[in-house]
Amino acid sequence: MKKFFHVSDIGDLDAALREAAWVKADPFHWKSLGTDKTAIFIFFNSSLRTRLSSQKAAMNLGMNAIVLNVGADSWKLETQMGVIMDGDKPEHLREAIPVIGSYCDLIGVRSFARFEDRDFDYQETILNQFVEYSGKPVISLESATVHPCQAFADLITIDQYKTKPRPKVVLTWAPHPNPLPQAVPNSFAEWMNAADVDFVITHPEGYELDPQFVGNARVEYDQMKAFEGADFIYAKSWASYREYGKVLSRDRAWTVSARQMAVTDNAYFMHCLPVRRNMIVSDEVIDSPRSLVIPEAANRVVSAQVVMKRMLEAMQ
Ligand code: CP
């Protein structure tokens with residue numbers, strides 16, 4: 001595996017889930033695979049789960065793990081091509097990336113959508129420069145349009161907790177004070193469309209995701225109707241794709257609460273975290289025994305480890 005951006009990069013999903021179960025049961029089994037190998041994780045944006053789970057997964061595989069917080073630990077990096085570098089950024093990605101590549105065996109990159117130019121974001125301009133200039137396998141640790149390590153962990157969690165062969169999974173938009181990227185809902189939709197689940201997306205009008213990620217999912221604008229009979233509720237806020245980067249609603253009627261959960265089939269609640277309590281989800285729901293947010297976050301180590309394990313195996 002040379003890159004991990006999309007569900008297609010992981011191949012057969014059943015095989016990936018079987019491998020995840022093995023990794024979860026015996027995480028140190030492949031300790032020798034990463035001996036004398038180095039992973040570098042580059043963060044242009046903040047993180048708790050992704051940086052810790054990536055480091056833990058790399059260590060479980062016997063690798064050395066280095067984290068670089070761009071701008072805080074390093075020079076500020078210029079990312080635009082063809083600019084006159086007379087501002088506050090003393091180094092260009094064009095040099096920084098091959099230097100980073102020369103120090104490691106695989107690279108993870110977190111670089112959020114900027115909401116300045118939809119084409120710049122949706123062409124994954126930053127991430128693709130790492131692919132082009134590093135010469136090393138590259139993992140998206142949430143880039144402008146996708147968060148595949150999260151979506152894989154979400155699928156592992158659903159597979160672990162499902163009690164029906166084909167559960168109903170609902171992705172619901174929820175309110176937030178700030179405009180948030182579409183990477184998490186994009187990837188969740190992409191992975192659920194590839195999995196054996198009955199998948200529904202619900203959001204207010206204007207919050208339609210990029211059709212390439214919506215695929216054949218059913219879109220339902222009535223949140224209560226979408227929740228009926230659901231087995232898993234996955235909440236997330238995102239900014240508008242059509243009116244790119246705008247917050248069109250802060251309607252707290254969309255906050256997931258006991259009122260909506262009552263029409264589900266005793267659904268589990270999921271969220272990638274960090275979560276704003278009583279904006280995205282009520283205390284009552286997130287603190288209930290049906291909340292999976294902690295095991296979901298724990299599965300981030302498993303998803304990262306499967307991906308890095310496959311990259312290391314491909315180097316042998
Ligand atoms: N879910 C997730 O990616 O969390 P962090 O932003 O804390 O890494």
Side-chain angles (χ1 to χ4, degrees), residues 4-7 9-10 20 39-60 65-73 107-115 121 124 126-127 130 138-158 160-161 169 171-174 176-192 209 213 232-239 256 268-277 279-281 286 291-308:
F4 184 59
F5 300 172
H6 294 287
V7 68
D9 296 321
I10 202 83
I40 294 187
F41 303 116
I42 308 289
F43 284 85
F44 288 86
N45 310 95
S46 303
S47 166
L48 188 154
R49 278 142 294 274
T50 303
R51 61 179 297 161
L52 296 180
S53 62
S54 300
Q55 288 177 88
K56 173 69 176 139
M59 289 189 288
N60 286 354
I66 300 172
V67 171
L68 184 77
N69 298 300
V70 175
D73 300 340
I107 302 176
V109 182
R110 165 159 287 197
S111 176
F112 287 171
R114 298 175 176 186
F115 289 145
D121 288 343
E124 288 286 5
I126 305 290
L127 201 65
F130 277 88
V138 176
I139 303 169
S140 166
L141 299 179
E142 187 173 343
S143 48
T145 65
V146 288
H147 195 357
C149 295
Q150 181 65 53
F152 186 18
D154 297 333
L155 179 63
I156 292 167
T157 309
I158 289 169
Q160 192 182 336
Y161 284 88
V169 178
L171 167 63
T172 181
W173 178 89
H176 193 281
N178 306 317
L180 298 188
Q182 292 121 16
V184 169
N186 283 346
S187 280
F188 188 73
E190 185 184 57
W191 284 67
M192 289 303 113
L209 294 166
F213 293 105
F232 294 89
I233 298 298
Y234 192 98
K236 186 72 184 82
S237 189
W238 63 87
V256 177
Y268 286 108
F269 174 80
M270 298 178 71
H271 187 279
C272 63
L273 304 180
V275 70
R276 294 211 180 213
R277 284 170 172 256
M279 282 296 295
I280 303 286
V281 57
I286 196 169
S291 171
L292 294 181
V293 296
I294 305 305
E296 183 183 354
N299 279 331
R300 290 293 307 277
V301 177
V302 181
S303 65
Q305 192 169 334
V306 170
V307 171
M308 287 189 257

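When a ligand or atom number is given, it counts from 1 through the structure's own listing order. The figures that follow rest on heavy atoms only: side chains count, while hydrogens, waters and symmetry mates do not. Computed from a prediction, not measured in an experiment: that's the story for all the values here.
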Sub-4.0 Å atoms of ligand 1 with respect to non-hydrogen atoms of R300 = 1 (N), 2 (C), 3 (O)
remark   = For atom 1 (N) of ligand 1, the closest protein heavy atom turns out to be L273 O, 2.8 Å
ask   = With under 30° as parallel and over 60° as perpendicular, where do the rings of Y161 and Y268 fit, or are they tilted in between?
value = perpendicular
message = Any atom of ligand 1 sitting under 4.0 Å from a heavy atom of R110?
response = yes
note = Closest to atom 7 (O) of ligand 1 among protein heavy atoms sits L48 N, 2.7 Å
message = Can you classify the ring geometry of H6 versus F213 as parallel (below 30°), tilted (30 to 60°) or perpendicular (above 60°)?
response = parallel
query = Less than 6.0 Å separating the ring centroids of F188 and Y234?
reply = yes
request  = Would you check the N or O atoms of C272, main chain and side chain alike, for any that come under 3.5 Å of an N or O of ligand 1?
outcome  = yes
query = Would you say I40 and I42 make side-chain contact, with heavy atoms under 4.5 Å?
reply = yes
key: E142, any N or O under 3.5 Å of ligand 1 N or O   = no
remark   = If you scan protein heavy atoms around atom 4 (O) of ligand 1, the nearest is R49 NE, 2.9 Å
query = Of the non-hydrogen atoms in L209 and P185, which two are nearest, and what is the gap between them?
reply = CD1-CB, 3.9 Å
note = Closest non-hydrogen atoms of F4 and C149, given as atom of the first, atom of the second and distance, are CE2-N, 3.7 Å
message = So if I count the atoms of ligand 1 from 1 in the order they appear, which ones are less than 4.0 Å from some heavy atom of H147?
response = 2 (C), 3 (O)
